[in-house]
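Reminder, nothing fancy here: chain letters follow the sequence lines and each chain counts from 1. None of the values given here were measured: they were computed from a predicted structure.
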There are 2 protein chains.
Amino acid sequence: MTRTATLEDVAQKAHVSKMTVSRVINHPELVAPELQVVVEDAMRKLNYHPNNAARALAKNQTSVVKFVILEDIDHMDPYYTNILFGMATELKKKNYSLQLLLKGSQIEQGPADGFVITGTRVDDYPMLNALKEPFILFGENRGGYDFVDTDNLGGETMATEYALKQGYRNLVFIGLDVKEAFEFSREAGYVNAMQQNKKIPSVNRVKNSTTAARAFMQEHLSEYPKNTCFICGSDRIATGVIQALVEEEKDIPGDYGVIGFDGILLDKVSSPKITTVKQDLWKIGETLAQLILRKINQNGAPQGEMFIKPTLSKAESTK
Amino acid sequence: MTRTATLEDVAQKAHVSKMTVSRVINHPELVAPELQVVVEDAMRKLNYHPNNAARALAKNQTSVVKFVILEDIDHMDPYYTNILFGMATELKKKNYSLQLLLKGSQIEQGPADGFVITGTRVDDYPMLNALKEPFILFGENRGGYDFVDTDNLGGETMATEYALKQGYRNLVFIGLDVKEAFEFSREAGYVNAMQQNKKIPSVNRVKNSTTAARAFMQEHLSEYPKNTCFICGSDRIATGVIQALVEEEKDIPGDYGVIGFDGILLDKVSSPKITTVKQDLWKIGETLAQLILRKINQNGAPQGEMFIKPTLSKAESTK
DNA sequence: GCTGGCCCTGTTATCGGTAACAAGCAAAAA
DNA sequence: TTTTTGCTTGTTACCGATAACAGGGCCAGC
């Protein structure tokens, strides 16, 4: 039975006190360089790893960050895997672990050092204000809370400009029918790019479902001449748009282009495959973790807003 | 500054020793009933919640379960959100938290009380055997390891029988081109049901991608008469099959039926929407958590195999 | 009436760290 | 030379729980 090495063991091997070893780990600047070397050597030889429970107890922390989804989970399903793993990877570096919560569960219940929260709406602000622990939101918001999100505006600008560059003359925006900051930003990205290029924007909104998007297209397709590109607020919508175009045997990408937003899975199973603004969910997760960890460390100091650049994933639905 | 209540506080309020309070929590059968009442009352009044770090330290545990994905993450992306949240919900009841790991990372690194592992292949068995902590696999395996999985066999049997009941005369299986237990089970489910009904099975295998499935169909569609139902090994394949049928302007579900497997997201964005064998991922997650917790508790005692019943989600791709 | 055992509760030591304070010692200041 | 200062390291107490052992009360059996 091999016990894992403790501070004590390292201390003995290095002929110093436990405290010195602890300092080498947490405040190396307080330790003489030559001792540092000796101690680090001993740690390595004993394959020392700090006991997280002991540290947490002594520092009165929990080593736990809670990840909370406030919206209906079904909706965003595939999103989260990458965010979660990106976060977890970053958290583990500091020996933190995760607890996952859904809307229903009492957030306050059980302690944590910090929260990462997604799907917040304005009605959730009171709850946020009541939170004692530091938190970071995933998702743009106008409430002044620290957040991380995809650069929705820049992403949609990029999409719009790409469509233009590929030679489409008419650019139509089909966004989501929700009053959320991310949607406004995507619209703004499209509108800005259009104005920049002296074109008249056309903004439409539908429910975020393939069926709704398809229905919209069935109704309006006749209004759109050849050489139109549909800039869509999500891949779901883009999928519906493509289905409608295929149904009518339109030429994609020749006469009609389609660009989606998200790049999670749908873009790859569609036929033709969708050109889309791909979010870097992993990076978003990493960033969320870094911010909440830093915020915890800085005793709740504000961390500001952080936009993660998406990339344009070019596929078969555009020239 | 309100400190959270500790055992000590509860003990004082209840006029007993810390130890008695601890016993009420962990071994109530050792405490006189009338004292239990008093202590529980005190706990409630002080809103006492045990300090997990302290407990973990004293019991020489970590309160952490690691969730490991050994395969390429892109592949199964949308799967995991529900499993993870199902697990987390169950784990939190015992104050456990999660760490998430991918293939690349050293599993051994950093301690945990147990593991839940997914995506294992035969080459991973040596690594599993070397693991000192208890673990449960997600996914059928023939290595004798404890696991939880969807009842793939039963699910595909159900799908096949449903197609028959709906009046399709020809049932064709299009499975995944992988040598994995789950795939063999789905095939077996189809084959069994066919034999049961005195029909000759037709098993085909393609790469698990819409494109591959579509290509397969383009090549073979002429071989299949009207009134054929395609029993597919995944929704991805079903999506490709549907695309090919739509392309050829076949009548779905009139002349051709399609049934998928998974029910994660693709079934709902396809047009027509896919009838599919829907896995209960949340339940799988819960079960994984329960088993690993019990296994930890029982010092690694084997927990056996656990199959979670899927449901048939009926949609537009079948009569 | 005395002893042994059962049932219940308290005491003590310990888990593996960290903060706060004490102390040693050399260089700098008086 | 003596005092002060600063840098470095060690000592002590404590974080909040649990395990193992100790002890007191009560009843049964001799």
Side-chain angles (χ1 to χ4, degrees), chain A residues 1-40 42-43 46-64 94-96 110-111 113 296-297 299, chain B residues 1-40 42-43 46-64 94-96 110-111 113 296-297 299:
Chain A
M1 186 63 196
T2 44
R3 213 170 36 86
T4 62
T6 71
L7 263 196
E8 185 68 54
D9 302 329
V10 177
Q12 289 200 319
K13 180 154 195 110
H15 303 289
V16 295
S17 74
K18 289 201 304 181
M19 206 52 225
T20 300
V21 181
S22 172
R23 284 201 189 92
V24 170
I25 297 170
N26 299 300
H27 309 284
E29 72 279 6
L30 298 179
V31 179
E34 59 270 25
L35 258 194
Q36 274 185 47
V37 177
V38 178
V39 170
E40 273 161 5
M43 294 200 297
L46 294 173
N47 186 32
Y48 170 74
H49 289 281
N51 179 315
N52 212 50
R55 165 182 287 171
L57 177 58
K59 299 181 86 159
N60 192 27
Q61 295 184 156
T62 64
S63 284
V64 169
K94 296 277 189 298
N95 263 300
Y96 264 78
D113 295 345
I296 289 169
N297 233 304
N299 230 281
Chain B
M1 186 61 194
T2 45
R3 213 171 35 86
T4 63
T6 72
L7 263 196
E8 185 68 53
D9 302 330
V10 177
Q12 290 201 319
K13 180 153 196 106
H15 303 290
V16 296
S17 73
K18 293 200 302 180
M19 205 51 224
T20 300
V21 180
S22 171
R23 282 200 191 95
V24 170
I25 297 170
N26 299 299
H27 310 283
E29 72 279 6
L30 298 180
V31 179
E34 59 271 24
L35 259 192
Q36 275 185 47
V37 176
V38 178
V39 170
E40 273 161 5
M43 295 201 295
L46 294 173
N47 187 29
Y48 169 76
H49 289 281
N51 179 313
N52 211 49
R55 166 182 285 172
L57 176 59
K59 298 178 89 159
N60 192 26
Q61 294 186 155
T62 64
S63 284
V64 170
K94 296 276 190 297
N95 263 298
Y96 265 77
D113 294 344
I296 289 169
N297 234 304
N299 229 281

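Closest of all the heavy-atom pairs between A/Tyr96 and A/Ile296 is OH-CG2, 4.1 Å. Residues B/Ala5 and B/Leu46 share a closest heavy-atom pair of CB-O, 3.7 Å. Here the shortest heavy-atom pairing between A/Ala53 and B/Ala56 reads CB-CB, 3.8 Å. Minimum interatomic distance between B/Pro28 and B/Asn26 (heavy atoms only, all atoms of both residues): CD-C, 3.4 Å.
Between the side chain of B/Gln36 and the backbone N or O of B/Val24 there is no donor-acceptor pair closer than 3.5 Å. Listed for the B/Glu8 side chain is no donor-acceptor partner under 3.5 Å among the backbone atoms of B/Lys18. With hydrogens and angles ignored, the 3.5 Å screen pairs no side-chain donor or acceptor of A/Asp113 with any backbone N or O of A/Gln61.
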Requested in this report: Starting from the C-alpha separation in whole Å, work towards a yes-or-no answer on side-chain contact (heavy atoms from CB on, under 4.5 Å) for B/Thr20 and B/Val31.
Outcome: CA-CA 7 Å; B/Thr20 300; B/Val31 179; 4.3 Å; yes

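Proximity of B/Arg23 to B/Val21: side-chain heavy atoms (C-beta onward) are nowhere separated by under 4.5 Å.
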Query raised in the report: Going 5' to 3' along nucleotides 12-27 of chain D, which nucleotides have protein heavy atoms under 4.0 Å from the base (write B), which only from the sugar-phosphate (write S), and which from neither (write -)?
Result: ---BBBBBB-------

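Of all nucleotides in DNA chain C, those with any atom nearer than 4.0 Å to a heavy atom of chain B start and finish, going 5' to 3', at C/dC8 to C/dG16.
For the helix from C/dG1-D/dC30 to C/dA30-D/dT1, the rotation axes defined at the first and last 5 base pairs enclose an angle of 60°, given to the nearest 10°.
The residue from B/Asp9, B/Val38, B/Ile25 that alone fulfils the side chain to side chain contact (heavy atoms under 4.5 Å, CB included) condition with B/Met43 is B/Ile25.
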